[in-house]
Amino acid sequence: MAFDQWLAGKPGSRQVLKDRRGRLIKDVGVMRNAKPGKTLALSIDLRLQYLANRELYNALVENEAKAGSLVILDVHTGEVLAMANQPTYNPNTRRNPEPAAMRNRAMTDVFEPGSTMKPISMCAALQSGRWKPSDTVEVYPGTLQIGRYTIRDVSKTEGPVLDLTGILIRSSNVGMSKVAFDIGGEAIFRVMQQLGFGRDSGLGFPGEQVGNLPNHREWHKAETATLSYGYGLSVTAIQLAHAYAALANNGRSVPLTLARADQPSGAMQVLPEPVAKTMQGMLQQVVEAPNGVYRAQVPGDHVAGKSGTARKASIGSKGYTENAYRSL
């Protein structure tokens, strides 16, 4: 649908003579030549797409989840190599289609990204020049009171003081909030905006959502803290993957494309290269440290990443649903 004009071509016209019964008498000649549609090669890698669908389905069954999305990008070219959603449907049959199974959730569904935003907030801290990875923050006793709100850490196993990498490994909301108070919500907002949150990906996919990245005239502590650890904003899976692609590409953000791209076009330096490279090392520790996300490790390869868990907002009322979560 998005590439219809590219694919359709243009009809031509001929001048002919017909009798009163509409029968062709004479072909006078071509008035305008028809133009065939242009070739379109997708960026989707068939093998990766197959594996993404299979592994996502297995993950949903294993975790008894309702739905899921998976996006694989080439960080150098911006190509979407795979985009899978479950539950899904068979496009060869239109019998009893389930509307929920036909959404491209990776681009149409928005959600609060939770702790996956902590590395983005940490980039703002490193970029400010006020913080370096070895700096420490006191997180004892694992709670932080802001007015009538209480910020809590889920895990309290690492001790009373954490360095910046430790905050990411343990996913400390208290530690992240204290760093955010020092640099201010505006600094975090700017980095998130530079990385593409709050605007569409440029893929031109029909029905794509842009999410919501809030900006406040005055950043109070509650808004600053919640933004820093991934609440109070909404994103799509493709936006989140695109932001991490910029971290992996040394701070350079390449426009996304669903068409095959031999050469990247329009790349922009959205984060200083030293900041992005430092964050790569910190996120490698999140996965590979002794108390890191061991299930994300791949023998023989270095892996960097950040997990997140976000509570699901309740439908029709304020607040969050009990025992309903989204894992990232």
May I ask whether [X] and [Y] are part of the same hydrophobic cluster, defined by side-chain heavy atoms of I, L, V, M, F, W, Y residues being less than 4.5 angstrom apart, directly or through others?
X      : Y      : answer
Ile167 : Tyr244 : yes
Trp6   : Leu42  : yes
Leu195 : Leu233 : yes
Leu73  : Leu51  : no
Tyr231 : Phe181 : yes

Intermediate values then yes/no, side chain to side chain donor-acceptor pair (under 3.5 Å), Asn212 and Ser234: CA-CA 5 Å; Asn212 177 44; Ser234 60; 5.1 Å; no
Spatial distance of atom CG (Leu247) from atom NE2 (His242) [nearest 0.5 Å]: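 Reported value, rounded in 0.5 Å steps: 11.0 Å.
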Straight-line distance of Leu168 CG to Met282 CE, nearest 0.5 Å: 5.0 Å
Just wondering, do [Y] and [X] contact through their side chains at under 4.5 Å, heavy atoms?
X      : Y      : answer
Val137 : Val174 : no
Asn250 : Lys277 : yes
Phe197 : Leu240 : yes
Leu328 : Phe111 : yes
Ile44  : Val80  : yes
Val154 : Thr309 : no
Ile151 : Thr226 : no

Counting only heavy atoms not in [X] (residues, nucleotides, ligands), do more than 12 fall under 6.0 Å from its [atom1]?
X      : atom1 : result
Met268 : CE    : no
Leu24  : CG    : yes
His302 : NE2   : no
Phe3   : CZ    : yes
Gln5   : CD    : no

Considering only residues two or more places apart or on different chains, which pairs with a residue in [range] satisfy salt bridge (charged side-chain N to carboxylate O under 4.0 Å, His left out)?
range            : value
residues 204-224 : none
residues 70-84   : none
residues 30-44   : none
residues 303-317 : Arg311-Glu322

Side chain to side chain donor-acceptor pair (under 3.5 Å) pairs, two or more places apart, involving residues 50-69: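 Qualifying pairs: Ser69-Asn85.
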Side chain to side chain donor-acceptor pair (under 3.5 Å) partners of residues 178-197, not counting sequence neighbours, each pair once: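 Every side chain to side chain donor-acceptor pair (under 3.5 Å) pair that includes a residue of residues 178-197, provided the two are not neighbours, is Arg130-Asp182, Trp131-Asp182, Glu186-Trp219.
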If you look at every heavy atom in [X] and [Y], which pair is closest and at what distance?
X      : Y      : answer
Ala304 : Gln280 : CB-O, 3.8 Å
Leu162 : Ser172 : CD1-CB, 3.9 Å
Leu227 : Met192 : O-CE, 3.5 Å
Ala101 : Tyr89  : O-CD2, 3.3 Å
Tyr229 : Ser177 : CE2-OG, 3.4 Å
Gln15  : Asp27  : O-OD1, 3.7 Å

Tell me if a side-chain donor or acceptor on [X] pairs with a main-chain N or O of [Y] at a distance below 3.5 Å.
X      : Y      : result
Arg105 : Ala100 : yes
Gln269 : Leu271 : yes
Asn249 : Gly251 : no
Asp4   : Met1   : no
Ser314 : Gly319 : yes
Ser43  : Leu258 : yes
Gln297 : Val287 : yes

In residues 112-124, what donor-acceptor pairs under 3.5 Å come from side-chain atoms, sequence neighbours left out?
{"residue": "Glu112", "atom": "OE1", "partner": "Tyr320", "partner atom": "OH", "Å": "3.0"}
{"residue": "Glu112", "atom": "OE2", "partner": "Gly232", "partner atom": "N", "Å": "2.9"}
{"residue": "Glu112", "atom": "OE2", "partner": "Tyr320", "partner atom": "OH", "Å": "3.2"}
{"residue": "Ser115", "atom": "OG", "partner": "Lys118", "partner atom": "NZ", "Å": "3.0"}
{"residue": "Ser115", "atom": "OG", "partner": "Ser171", "partner atom": "OG", "Å": "3.0"}
{"residue": "Thr116", "atom": "OG1", "partner": "Pro113", "partner atom": "O", "Å": "2.7"}
{"residue": "Lys118", "atom": "NZ", "partner": "Ser171", "partner atom": "O", "Å": "2.8"}
{"residue": "Lys118", "atom": "NZ", "partner": "Ser171", "partner atom": "OG", "Å": "2.9"}
{"residue": "Lys118", "atom": "NZ", "partner": "Asn173", "partner atom": "OD1", "Å": "2.8"}
{"residue": "Ser121", "atom": "OG", "partner": "Met117", "partner atom": "O", "Å": "3.3"}
{"residue": "Ser121", "atom": "OG", "partner": "Ser228", "partner atom": "O", "Å": "2.8"}

For [X], which residues count as a side chain to side chain donor-acceptor pair (under 3.5 Å) partner, sequence neighbours excluded?
X     : result
Asn90 : Asn92
Arg20 : none
Asn33 : none
Thr39 : none

All salt bridge (Lys or Arg N to Asp or Glu O under 4.0 Å) counterparts of Arg260, not counting sequence neighbours: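 Arg260 satisfies salt bridge (Lys or Arg N to Asp or Glu O under 4.0 Å) with no residue once adjacent residues are dropped.
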